Novice: 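My structure is below; once you've seen it, I'll send some questions.
Ligands are counted one by one from 1 in listed order, and the atoms in each one are counted from 1 as well. Quick caveat, the model's predicted, so the values are computed rather than measured.
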Amino acid sequence: MLLAMSMDDTLWRDYEKQILGAADMQALAEIEQKLFGRKSGLLTLELKKLGEASPDVRKVQGLRLNGLKQKLDDAFVQRRQELAEKSAGSLAETDAIDITLELPKKERGHLHLIPEFIRSVEEVFGRMGFDVATGPEIETEDFNFNFLNIPETHPARDTQDTFHIAMDPPAKNQGDNLVLRTHTSPGQIRYMQSHKPPFRVICPGKVYRKDADATHSPMFHQFEGLMIGEDVSLANMKAVMITAIRELISSTAEFRFRTGFFPFVEPGLEVDMRWQGDETESREGRWLEIVGCGMVHPNVLKNVGIDPAKWQGFAFGFGIERMIMLKHQIPDLRSFYEGDLRFLRQF
Ligand code: DAH
């Protein structure tokens, strides 16, 4: 008796169910081996036996077994496909990146407007061939005053309300006393001591003065500039000042040069810029001083060992907050430091 005949179809249907319910590809492969394995697969054996049967039986059983085989084959194909889809779905859940997915917005910060402005200063002056250097915020009196042609008794010291740093024991020489730098001009001295002319450099940074109102703060920012060569002139200086103001503040900026006194330059000039907003809002009126400049004094060059008979050039010092105030019509300097997000988010 053929096994196929002895096994009723419920057994095969049971296998069909096992196939359709297989948990994974491996379970499916095991059932396949059991049924269709080349040597001992149940269905393989049944089909082999057909060869020994009488032609009549072979015909009937052949049809039946092939029908069963087809059904089981179909079940394998169907289950394989289902399992493949399922694993692709779980891959999407675990691994894949959905670039169309809308995620909750994360708040992103940005630079405060002062460092951001300093970057654009470095970029604009970089294009004009200026190097960038920095110096310490705690300076000696030598660097902050003496080497800049401002001796101890000079009245110009009065205009820079200096924070002195107590020293214990006190410095032996007056020039070694420590102060918070009152301007970025010591940057000129440090650069000239360590470089050989010709050169162009700017030194941006913080400076400190005992001063506080709507247009003055005890800590504020400046950038110093210096250009020394064999024939650098006042006309070159004006060109650089005008380019800087137009590029950094506004191409339609209105400004004026007037003479000014600074011990480290001769002649000295100041540049004022016209307030661009409502004049009643400006705390200093129509014109705001934004830069001091001039031709470097021969004494300063001598102090750093540069021969004033061969080398000459100009220096300048811009007030950074003032430039930004003019650029955006910000009437009160204190807004920069209050940390009020309603102010900071506007820039
Ligand atoms: N250091 C000066 C100040 O803070 C500004 C200044 C004026 C800088 C003229 C310069 C200069 O380099 O040439 O008031």
Side-chain angles (χ1 to χ4, degrees), residues 121 125 130-137 139 141-151 154-163 179-193 199-211 215-229 232-242 244-245 255-273 284 288-301 303-304 306 308 311-323 333:
V121 168
F125 278 89
F130 283 73
D131 194 4
V132 178
T134 51
E137 289 170 24
E139 273 292 9
E141 287 197 30
D142 270 344
F143 280 95
N144 197 77
F145 298 117
N146 299 333
F147 296 151
L148 286 158
N149 204 30
I150 316 174
H154 200 290
R157 287 206 183 191
D158 288 349
T159 63
Q160 302 199 349
D161 294 302
T162 313
F163 287 108
V179 297
L180 289 183
R181 67 176 178 192
T182 58
H183 51 178
T184 45
S185 302
Q188 291 181 34
I189 303 294
R190 290 188 176 274
Y191 195 86
M192 287 193 282
Q193 280 184 343
F199 43 65
R200 302 170 199 191
V201 64
I202 55 165
C203 319
K206 291 185 168 67
V207 299
Y208 303 85
R209 289 185 203 179
K210 246 168 87 242
D211 220 355
T215 47
H216 297 88
S217 146
M219 184 284 296
F220 60 106
H221 297 76
Q222 290 186 335
F223 67 93
E224 196 74 11
L226 180 70
M227 178 168 175
I228 302 286
V232 176
S233 70
L234 197 75
N236 297 141
M237 184 189 84
K238 280 189 87 173
V240 169
M241 297 293 96
I242 292 169
I245 292 170
F255 48 85
R256 64 182 188 191
F257 285 84
R258 58 189 168 79
T259 53
F261 173 73
F262 304 97
F264 35 94
V265 285
E266 178 60 36
L269 298 171
E270 286 178 42
V271 186
D272 298 332
M273 218 189 104
E284 286 203 354
L288 224 62
E289 183 201 331
I290 51 164
V291 52
C293 53
M295 297 301 287
V296 178
H297 197 289
N299 287 351
V300 174
L301 294 173
N303 288 341
V304 293
I306 293 178
W311 301 102
Q312 63 178 43
F314 59 86
F316 54 87
F318 276 90
I320 290 180
E321 282 83 348
R322 288 177 161 232
M323 293 177 88
L333 174 81

Novice: With heavy atoms under 4.0 Å as the rule, classify the contact between S185 and ligand 1 as side chain, backbone, both or neither.
Specialist: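 Just the side chain.
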
Novice: Please round to the nearest 0.5 Å and tell me the distance separating atom CE of M227 and atom CE of M295.
Specialist: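 Answer rounded to 0.5 Å: 10.0 Å.
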
Novice: Heavy-atom distance to atom 5 (C) of ligand 1: which of G317, P263, G319 wins?
Specialist: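 When every heavy atom of G317, P263, G319 is considered, G317 comes closest to atom 5 (C) of ligand 1.
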
Novice: Is there a nitrogen or oxygen of G225 sitting under 3.5 Å from a nitrogen or oxygen of ligand 1?
Specialist: no

Novice: Would R190 and F143 count as a cation-pi pair here, with the cationic atom under 6.0 angstrom from the ring centre and within 45° of the axis?
Specialist: yes

Novice: List every atom of ligand 1 that sits less than 4.0 Å from any heavy atom of G292, numbering the atoms from 1 in the order shown and giving each element.
Specialist: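 The atoms of ligand 1 under 4.0 Å from a heavy atom of G292 are 6 (C), 7 (C), 8 (C), 9 (C), 10 (C), 11 (C).
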
Novice: Strictly distance-based, threshold 3.5 Å: is any side-chain N or O of H183 a donor or acceptor partner for the main-chain N or O of N144?
Specialist: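 Present.
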
Novice: Please work out which of F318, F264, F261, F314 has its closest non-hydrogen atom nearest to atom 2 (C) of ligand 1.
Specialist: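 Looking at heavy atoms only, the winner is F264.
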
Novice: C293 heavy atoms, cut-off 4.0 Å: which ligand 1 atoms fall inside?
Specialist: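 Those qualifying, in numeric order: 7 (C), 9 (C), 11 (C), 13 (O).
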
Novice: Closer than 4.0 angstrom: is that true for some heavy atom of E270 and an atom of ligand 1?
Specialist: no

Novice: Going by heavy atoms in the side chains, are I242 and F257 under 4.5 Å from each other?
Specialist: yes

Novice: Under a 4.0 angstrom heavy-atom cut-off, which atoms of ligand 1 come close to F262?
Specialist: 7 (C), 9 (C)

Novice: Among all protein heavy atoms, pick the one closest to atom 3 (C) of ligand 1 and tell me residue, atom and distance.
Specialist: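 The closest one turns out to be R209 NH2, 3.5 Å.
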
Novice: Mark up the atoms of ligand 1 that fall under 4.0 Å of a heavy atom belonging to V265, in ascending order.
Specialist: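 The list of qualifying atoms is 13 (O).
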
Novice: Taking the side chain as C-beta and beyond, is there a heavy-atom pair between L148 and P186 under 4.5 Å?
Specialist: yes

Novice: Answer whether the closest heavy-atom distance between the side chains of H221 and M323 falls below 4.5 Å.
Specialist: no

Novice: G294 heavy atoms, cut-off 4.0 Å: which ligand 1 atoms fall inside?
Specialist: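 Here the atoms of ligand 1 in question are 13 (O).
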
Novice: For ligand 1, which atoms, with element, lie under 4.0 Å from some heavy atom of Q188?
Specialist: 12 (O)

Novice: Any idea which atoms of ligand 1 are less than 4.0 Å away from a heavy-atom of Q222?
Specialist: 3 (C), 4 (O)

Novice: Answer yes or no: is there a side-chain heavy-atom contact under 4.5 Å between R200 and V232?
Specialist: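 They are not in side-chain contact.
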
Novice: What distance separates I290 CD1 from D272 CG, expressed to the nearest 0.5 Å?
Specialist: 8.0 Å

Novice: If we only count N/O pairs under 3.5 Å, is T182 in contact with ligand 1?
Specialist: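 The answer is no, given that T182 and ligand 1 share no N or O pair closer than 3.5 Å.
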
Novice: For F316 and ligand 1, does the shortest N/O to N/O distance drop below 3.5 Å?
Specialist: yes

Novice: Around atom 12 (O) of ligand 1, find the nearest protein heavy atom and jot down its residue, atom name and distance.
Specialist: E224 OE2, 2.6 Å

Novice: Is any side-chain heavy atom of F145 less than 4.5 Å from a side-chain heavy atom of P263?
Specialist: no

Novice: If you measure from OG1 on T134 to CD1 on I202, what distance do you get to the nearest 0.5 Å?
Specialist: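 Between T134 OG1 and I202 CD1, I get 11.0 Å after rounding to 0.5 Å.
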
